[in-house]
Amino acid sequence: MCGRYAAAKDTATLVEEFQVETVVEPAPDPNFNVAPTNQVAFVVDRPADEGAVERQLRSARWGLVPS
């Protein structure tokens with residue numbers, strides 16, 4: 001996997017833009033050359049109480065898991 005991209009938004013901007021309710025892990029510093037194995041921010045909807053959904057901001061390692 002050699003895909004790269006730019007991630008220029010900070011945590012506050014991502015929270016506002018995606019209407020995030022909970023910040024589990026803050027977004028890594030902006031990076032204009034995100035490579036595999038770098039930490040990146042992502043937004044996920046998780047089940048909450050009584051069938052509701054909670055939008056969260058988390059961090060994960062960007063890359064491919066080999067088969």
Side-chain angles (χ1 to χ4, degrees):
M1 178 174 162
C2 57
R4 293 177 182 244
Y5 69 96
K9 306 284 183 175
D10 62 358
T11 300
T13 304
L14 292 171
V15 166
E16 180 182 337
E17 199 167 306
F18 291 100
Q19 301 173 352
V20 171
E21 298 164 11
T22 305
V23 176
V24 176
E25 299 161 15
D29 293 333
N31 184 350
F32 294 93
N33 190 22
V34 176
T37 73
N38 288 143
Q39 287 293 115
V40 296
F42 69 99
V43 177
V44 62
D45 287 336
R46 292 286 187 211
D49 297 333
E50 301 176 15
V53 176
E54 177 185 46
R55 186 161 289 172
Q56 299 177 349
L57 179 69
R58 294 177 171 260
S59 178
R61 182 174 169 251
W62 170 249
L64 177 67
V65 178
S67 59

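This one's a predicted model, so the numbers in the text were calculated from it and none came from an experiment.
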If you measure from CH2 on W62 to CZ on R4, what distance do you get to the nearest 0.5 Å? 11.5 Å

Taken to the nearest 0.5 Å, the spacing of K9 NZ from E16 CD works out to 10.0 Å

Is there a path from V43 to V23 through hydrophobic residues (I, L, V, M, F, W, Y) whose side chains come within less than 4.5 Å of each other?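 Same cluster: V43 reaches V23 through Ile, Leu, Val, Met, Phe, Trp or Tyr contacts under 4.5 Å.
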
Can you give me every donor-acceptor pair (side chain of residues 49-57, partner residue at least two apart or in another chain, under 3.5 Å) with its distance?
from, atom 1, to, atom 2, distance (Å)
E54, OE1, Q56, NE2, 2.9
E54, OE2, T22, OG1, 2.5
R55, NE, D45, OD1, 2.9
R55, NH1, F18, O, 3.0
R55, NH2, D45, OD2, 3.4
Q56, OE1, R58, NE, 2.8
Q56, OE1, R58, NH2, 2.8

What heavy-atom pair brings [X] and [Y] nearest, and what distance separates the two atoms?
X	Y	answer
A27	L14	CB-CD1, 3.8 Å
Q39	P28	O-CG, 3.4 Å
F32	A8	CE2-CB, 3.5 Å

